[in-house]
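Please read the structure below before turning to the comments.
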Amino acid sequence: RSDPVKDQLHDLVLEAIAALCADGTLPTSTQPVFVVERSKSREHGDFATNVALLLAKAAGKKPRDLASALVAALPLREEITKVEIAGPGFINFFLSPAAYQGEVRDALESGASFGRGNTGAGRTAGVEFVSANPTGPLHVGHGRAAAIGDCIARVLDANGWHVVREFYYNDAGAQINNLALSVQARARGVEPDAPTWPTDGYRGDYIKDVARAYLDGESVHADGVDIVGAGDVDDLDAIRCFGVAYLRREQDLDLRAFGVTFDTYFLESSLYADGKVEETVKELVAHGHAYEEGGALWLRTTDFGDDKDRVMRKSDGSFTYFLPDVAYHRSKWQRGYQRAITELGSDHHGSLARVKAGLQALDAGIPVGYPEYVLHQMVTVMRGGEEVKLSKRAGSYVTLRDLIDEVGRDATRYFLIARKSDSQLIFDIDLARAQTNDNPVYYIQYAHARVASVMRQLVERGLVWNRDIGLAHLARLDSEHEQALMIELSRYAEVVEAAGANLEPHLITTYLRELAGAFHAYYNTHQFIVDDADLRDARLTLASAVRQ
RNA sequence: GCGCCCGUAGCUCAGCUGGAUAGAGUACUUCCCUCCGAAGGAAGGGGUCGGGGGUUCGAAUCCCUCCGGGCGCGCCA
């Protein structure tokens, strides 16, 4: 119920239906299922309803005839300037600007909380994203994950959810061991192509930085712990701890520069340390979904929609990655996340079915749709019409830091969420840097700059604007362009709601561009009348409301 | 081979829980602009919504099939 104007129209139609039921035009058992929607084009008014199309059969009438009857029974309202029957039987409503002035009032009165919803009702949603292994710098793909995850978190927060941002990382597995060996090799002066270089070692230049810091006894602060480089090249455990801390800190600095922070860092190793992995295995076995074959322990995930059964414990006694994943998502449920959103690169999609199956096999009352996965597709970075592939720092890929340094934090965030996450994304550095209206970030910032400009001039002329003056002059917002702007404004709450419901933050970017467009149109055409203080104040009311 | 995602204007993409002549930005064509930022405004041309079939009063949207592109199908993570 986020749009009061739409809701009022919906209620009016209900009244009309009730009237037709009373006079026998409609059967009294009629189910009033219909929608009132914003019209796509101005020719079709502000709102339209398909009610006559849907009820025509029940009424035994042609849609347009039923529409006529409904319109005749519709209560009159001052803000409705015209009601029209169009096309196959749509009823179009034309509203006066006054119908939207309440939205501006709401914006002024609610300030920063304008547009917030409460579908979350204070429930807890855990949003897990990025979750990069601490084995190197974050790349563009992580950047997309960071932007999408953070914006999902923000949008859920705006819908009344209590949001916990969570970063899960592996600090103990084979990849980390590989990292430790790579740092050790660098510390010993071994080059990547030398015979003693570890198999599949990390070859990037950043490994040299880690090794040097370790040898120099540098102190690294990450996730609330200080780790000092011990300098001993034979102590692989010490190297591992230092390397993880070092790269975790680097990732964290990049994320902070990107405007992203986390509430919880969850270590994969804690699942083992706290016995969660063993516990999960025991429960799966106890519920009869496990069996042994070829010396390994399997889970019958095919009972829960997976393609084939999966190995939980390998024949060598160690666990596959699959089991900690199940234990981890189980812990989200146990920690009280009524909703869990897991943001991943789409190359992980193969693991979704088995994790969900594992959670169901626990028989712990976890909902079938838990967790909700949001997958993002690959990012291609372009500059000068060519694909950018290399980063000095990491070697084989473009880092998030490269992008932030080159195009700035806000533009990077905007472009990384501007597309549906399941579409491949082309990140055009030239476009993102452009100071022209081709660049949507520039276009939006430019709209803001124009508002700021007017406000500044107001102050320079010694004039005052405040909320009360704005509220007193709402009725002056009566021009066509002001109405167009107010209509855009009135969509805000439902855009926020839809973005939250569908976990689609790109809806926000699309909306912002449209809002900026309405603003530019308003600015470009209206006459700024300096000798009419009242009119000026009223117009500035809207400027300020939109800015907020 | 199987599974998931994508295919919409020259380009980059919205729209996809079914609705009216399929939208935005950009590019292109014509016209306008010396008062708040012209980094502007007005108008116009441009589409078999990948192809085909089906369901429906109505399909870009739902179902089937084919084509094209990406990704995934390990006792790797």
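Computed from heavy atoms alone, side chains included, the values below leave out hydrogens, waters and symmetry copies. Naming convention: chains lettered A, B, ... in sequence-line order (proteins, then strands); numbering from 1 in each chain.
Under 3.5 Å, the side chain of A:His349 and the base of B:G3 form at least one donor-acceptor pair of N or O atoms. At a cut-off of 3.5 angstrom, the base of B:C75 holds no donor-acceptor pair with the side chain of A:Thr320. One can find a donor-acceptor pair under 3.5 Å joining the base of B:A20 and the side-chain atoms of A:Asn92.
A donor and an acceptor atom, one from each side chain of A:Arg330 and A:Thr280, are located under 3.5 Å apart. The closest side-chain donor-acceptor pair between A:Asp309 and A:Tyr291 falls under 3.5 angstrom.
The side chain of A:Asp347 lies closest to B:G72, out of B:G72, B:G19, B:A14.
Residue A:Asn133 is classed as a sugar-phosphate contact, given heavy-atom separations below 4.0 Å to backbone atoms only. The residue A:Glu293 sits close to a base: some heavy atom pair falls under 4.0 Å.
With a cut-off of 3.5 Å on both Watson-Crick or G-U wobble distances, the partner of B:A9 is given as none.
Regarding contacts with the backbone of B:C76, a side-chain N or O of A:Lys314 is found under 4.0 angstrom from either OP1 or OP2. The phosphate of B:G74 (OP1 or OP2) has a side-chain N or O of A:Lys308 nearer than 4.0 angstrom.
Between A:Arg419 atom CZ and B:A14 atom P the separation is 6 Å, expressed in whole Å.
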For A:Tyr169 and A:Asp223, run side-chain hydrogen bond (donor to acceptor under 3.5 Å, both in side chains): C-alpha distance rounded to whole Å, both residues' side-chain angles, the deciding distance at 0.1 Å, then the answer.
CA-CA 12 Å; A:Tyr169 71 94; A:Asp223 303 334; 2.7 Å; yes

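Comparing the C1' positions of B:A59 and B:U8 gives a spacing of 14 Å, expressed to the nearest Å.
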